[in-house]
Novice: 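Sending over a structure as structure tokens; questions will come in a sec.
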Amino acid sequence: MPQQEQPEGSATVAGRPNDERYDAQRVESKWFERWQNDPSLYAAEPTSTQKKYYVLEMLPYPSGALHMGHVRNYSIGDALARYMWMNGYNVLHPMGWDSFGLPAENAAIANHTPPRQWTLSNIANMKAQMKRLGFAYDWSREVTTCFPEYYRWNQWFFLKLYEQGLAYRKNSKVNWCPKCATVLANEQVVNGCCWRHEDTIVEQRELEQWFLRITKYADELLRDLDKLGGWPEKVRVMQRNWIGRSEGTLVDFKLDGPVGPAGSKITVFTTRVDTIYGATSVQLAPEHPLVSDLTASNPDLRAKVEQLISEQRKAKERGDIGEIEKHGVFTGRYALNPFTGKNVPIWIANYILMDYGTGAIMSVPAHDERDYEFAKKYNLEIRLVVIPISNDPEETVAEPALPYVGHEGVLINSGPFSGLEYSDAIIKMSAHAENNGFGKPTVTYRLKDWGISRQRYWGTPIPMLYCEKDGIVPVPERDLPVILPEDIEITLAGGSPLGRVTEFVHTTCPKCCGPARRETDTMDTFVDSSWYFYRYTDARNDHAPFDSRIAQYWFPIDQYIGGVEHAILHLIYSRFWTKFMRDMGLITNDEPAERLFTQGMVIKDGAKMSKSLGNVVSPDEMVARYGADAARLYSLFAAPPDRDLDWQDSGIEGIQRFLGRVYRFMVRNAKPNDAGWNAPVPANLSPAARAVQRKLHQTIRRVTDDFQGRWHFNTCVSAIMELVNSLYSAEDAISQNQIPQSLLADVQRKLVLLLAPFAPYLAHELWEMLGESGNLLKAPWPKYDPELAKEEELEIPVQVNGKLRSIVVVPADAGESAIVETAIADEKVTTAVAGKQIVKKIYVPGKLVNLVVK
RNA sequence: GCCGGGAUGGCGAAAUUGGCAGACGCAGCGGACUUAAAAUCCGCAGGGCCCAAAAGGCCUGUGGGGGUUCGAUUCCCCCUCCCGGCACCA
């Protein structure tokens, strides 16, 4: 029987034995054991001549189990940490637990487990999950925020803030979540509801609270956003909006007649003082302090105001204050517009907010949408004072459509200021107000001071005392920490649970030794996470939060990685804390993190994973079914890390197949005892061998470039898959000895190195299989040789009038004229060009030829 | 309303500087191996049309419409939809 002709690379490789199946569980448990026995494996060097690299993933709340979002977050960070180790850096890669918070109390109520016990057992479980997933953390630096060793420094910082006047107590309206039974910071109110209970409307309550003066840093927090080039634009924009800086002018309008306790003038805030000659009324927020004076003798008016207040409150609670129907009441009183010298009516309106600006505005109907609507409704005077500048000097400026809110304009009807261009007018008119003592330029912020008091148990006790004689007294530093008592009864009713622990509450005043009462509120848990990453640098320090010199070595964080949901809360608080610590001389950096990366959410079937939708994928199950490497690799492969990832179970099966494919190739081809295995790779290679070598170097280049630049790990993994595919295509050549052992050794070693940051278990197993005994974690990252990565032949697409007509193969070093000639000579090109004239020949080096014909 | 990010096959996605659209993977189809299946290996595959079939060829295609260019997923203008943030912010 004659030899059957076989197409290349087909039947000869069919039906390979299947006893090379990759048993991920066996291999992973083997390495898991080895890694457990060497806790120093991932330890950062305390001091080092190597360059440092601090890579940090946001610490989790110990809810009980990791979810896929965690796995994704840590897989990104772990790949980066491993890559940096392989590149010779002294890497700090720590992990900890943001372990104070309300869920522990809820669990305590639900199943009578003390919060501490519940929290610690959750930590134990999640830590075991992290270890099983193979994340390379330096556990010797573990930080657990609910331990006194940690929270004593929260208290210490609080005392420092208090000394600086940056922590203060005030009675104020606060956001109250009835479900949490505690106060929330402004940042924790989402659409009028609690950030933890999305259907629970946040109420407003009047309470004495501790505040941190974050507004002292408002301007710097805003300005320094420009320095954060390594942060996503999105996060910077969100913070900018949140800080909400607005430049404007304060102007006093004097009351016309009798004056009550709230004073004799109304101070308004405006960004458009240039329009003040058009201010035909003054509008007060219903909760403005002057309102009670103005309504004192008029119960009827008072009742109407109460109505406005309750409307506003309801709208705020519903979160649709923007939709409220604008209306108001005239007070019967007038105030003096200091620019015009005329009295204007004082109104109270439901669209004026007490918590922005001064709670009072000047109403300029001609130049503001809302004021216009309001003036129309109540027939108030509308006075045009700014007209647009026409582009055509010949054209007489027509009356603009009202309201005219455009910025480019010239003042009219504005006394001595008429004729000024609007921006110039703002400067001159606020100066005029200041010179005459009835106003000044000013800056307001949307950002408010950070209310940190929480009427809850499971948090850092605020180290303050109340003494009948000495008033508010800080706990002396030497008495820290104020220990959170254990074994207490927790309920969600009746204020702070600590208030019912008499041995906690009753103490003595350090000043007068008389009886004193402890503060029973605890701190917002965002205090804990505002500085935890400094503690990692010196986690066991028991006489300071950390050693400044050590922090200086490690800071700023080189790469911080976490979810975008922390773009405002955590990331603005920790920037504030850093600036405060810098000002007290503890650190020298202005910002905590040089680069920030926010990864996308993990979703399934188009929706965020949630128990109610039943689309939750459990990491434990994935690890049990496919192995840790597969779960990690898939979370990097399925989408670029900054985008949402749509989890598909069949997708992770593909990754499992890929890992098996790599394994099987090496089982067949790892022959470290063969002669020639360790020989240098010869320079003269067969075309098949060259192809393998070229693909290897191209792959190294792609993966390395991605680590340095855009972090599209999904394409890194694709590139490695392509390399493996081309190794499979080369198996015929391998069996025919066309590929030297030395090259096979080289390509396999480097393939393992490329895989090491992404799939550490398999990589370690294969490293051993290749006869390597050195520590893979710190094996040098492979370098690519641009010469070896170069193609010898180029496939040049040939277009005619921009349409692809053919592809010609030319030697890589061919010159332009040779390539263009080859292209023109090509049969398909000739057909396409036939009967026409080539008017232009475009050659893009190495890319394509385009012939323009007529 | 303002700001930011998106939209590419049946699906997840790729195209890094304006140069072969759909790499890689999933699902699918065909084949090899097998008594059979699983596993594995090899191959095909955007859509439409021409051709008996194959080989091949032609047209078309990156949310929609216009523009710049020899050439546009990429740059510019307008519009639609989706996600996120802020919002009677004075």
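Every chain is numbered from 1 and lettered A, B, ... according to where its sequence line falls, protein lines coming before strand lines. Every value quoted in this text rests on a predicted model; they were computed, and no experiment measured them. Because only heavy atoms are used, hydrogens play no part in the values below, and waters and symmetry mates are left out as well, while side chains stay in.
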Novice: Can you find a donor-acceptor pair, distance only, under 3.5 Å between A:Lys326 side chain and B:rC88 base?
Specialist: yes
Novice: Sequence neighbours left out, what passes side chain to side chain contact (heavy atoms under 4.5 Å, CB included) with A:Thr822? Give chain and number order.
Specialist: A:Val808, A:Val810
Novice: Once you round it to whole Å, what is the distance between C1' of B:rC58 and CZ of A:Arg805?
Specialist: 8 Å
Novice: Just by modelled atom types, is the A:Pro786 backbone N or O under 3.5 Å from a matching donor or acceptor in the A:Arg701 side chain?
Specialist: no
Novice: What is the distance from atom CD1 of A:Ile720 to atom CG of A:Asn725, rounded to the nearest 0.5 Å?
Specialist: 12.0 Å
Novice: Please work out if A:Pro232 contacts a base, only the sugar-phosphate, or nothing of the nucleic acid, heavy-atom cut-off 4.0 Å.
Specialist: nothing
Novice: For the side chain of A:Arg710, starting at C-beta, report the closest nucleotide among B:rA90, B:rU16, B:rC70.
Specialist: B:rU16
Novice: Name the closest nucleotide to the A:Tyr356 side chain, picking from B:rC41, B:rC89, B:rA14.
Specialist: B:rC89
Novice: Between B:rC41 and A:Arg664, is there an OP1 or OP2 to side-chain N/O distance shorter than 4.0 Å?
Specialist: yes
Novice: Do A:Phe374 and A:Tyr351 make the cut of ring centroids closer than 6.0 angstrom?
Specialist: yes
Novice: Please confirm whether the shortest side-chain N or O distance from A:Arg236 to OP1 or OP2 of B:rG5 is below 4.0 Å.
Specialist: no
Novice: Quick one: is B:rA14 close enough that its OP1 or OP2 comes under 4.0 Å of any side-chain N or O from A:Asn714?
Specialist: yes
Novice: Quick one, A:Val291 and A:Pro286 - any side-chain contact, counting heavy atoms below 4.5 Å?
Specialist: no
Novice: Under a plain distance cut-off of 3.5 Å, with no hydrogens placed, do A:Asp642 and A:Thr598 share a side-chain donor-acceptor pair?
Specialist: no
Novice: Please list, chain by chain and in numerical order, all residues satisfying side chain to side chain contact (heavy atoms under 4.5 Å, CB included) with A:Lys234, sequence neighbours excluded.
Specialist: A:Met238, A:Val564
Novice: Specify the separation, in whole Å, of atom CG of A:Leu804 and atom P of B:rA72.
Specialist: 13 Å
Novice: Determine: side-chain N/O of A:Tyr351 to OP1/OP2 of B:rA90, distance under 4.0 Å, yes or no.
Specialist: no
Novice: Mind listing the N/O atom pairs, protein and nucleotides 24-28 of chain B, below 3.5 Å?
Specialist:
unit_1	atom_1	unit_2	atom_2	d
B:rG25	OP1	A:Asn725	ND2	3.1
B:rC26	OP1	A:Arg657	NE	3.0
B:rC26	OP1	A:Arg657	NH2	3.0
B:rC26	O2'	A:Ser650	OG	2.5
B:rA27	OP2	A:Arg657	NH2	3.1

Novice: If you round to the nearest 0.5 Å, how far is CD of A:Gln736 from CD of A:Glu731?
Specialist: 12.0 Å
Novice: Please write out each protein N/O paired with an N/O of nucleotides 81-86 of chain B under 3.5 Å, distance rounded to 0.1 Å.
Specialist:
unit_1	atom_1	unit_2	atom_2	d
B:rC86	O3'	A:Arg446	NH1	3.2

Novice: Taking only Watson-Crick and G-U wobble pairs with both distances under 3.5 Å, what dot-bracket line describes RNA chain B, where [ ] shows pairs that cross earlier ones and | shows pairs with another strand?
Specialist: (((((((..(((......[....))).(((((.......))))).(((((.....)))))..(((((..]....))))))))))))....
Novice: Which nucleotide in the list B:rG6, B:rC20, B:rA90 gets nearest to the side chain of A:Arg643?
Specialist: B:rG6
Novice: At less than 4.0 Å, is any side-chain N or O atom of A:Lys803 found next to OP1 or OP2 of B:rC58? Yes or no.
Specialist: no
Novice: Can you tell me the distance, in whole Å, between the CG atom of A:Asp646 and the P atom of B:rU8?
Specialist: 13 Å
Novice: Can you give me the N/O atom pairs linking the protein to nucleotides 44-50 of chain B at distances under 3.5 Å, or say none if there are none?
Specialist:
none

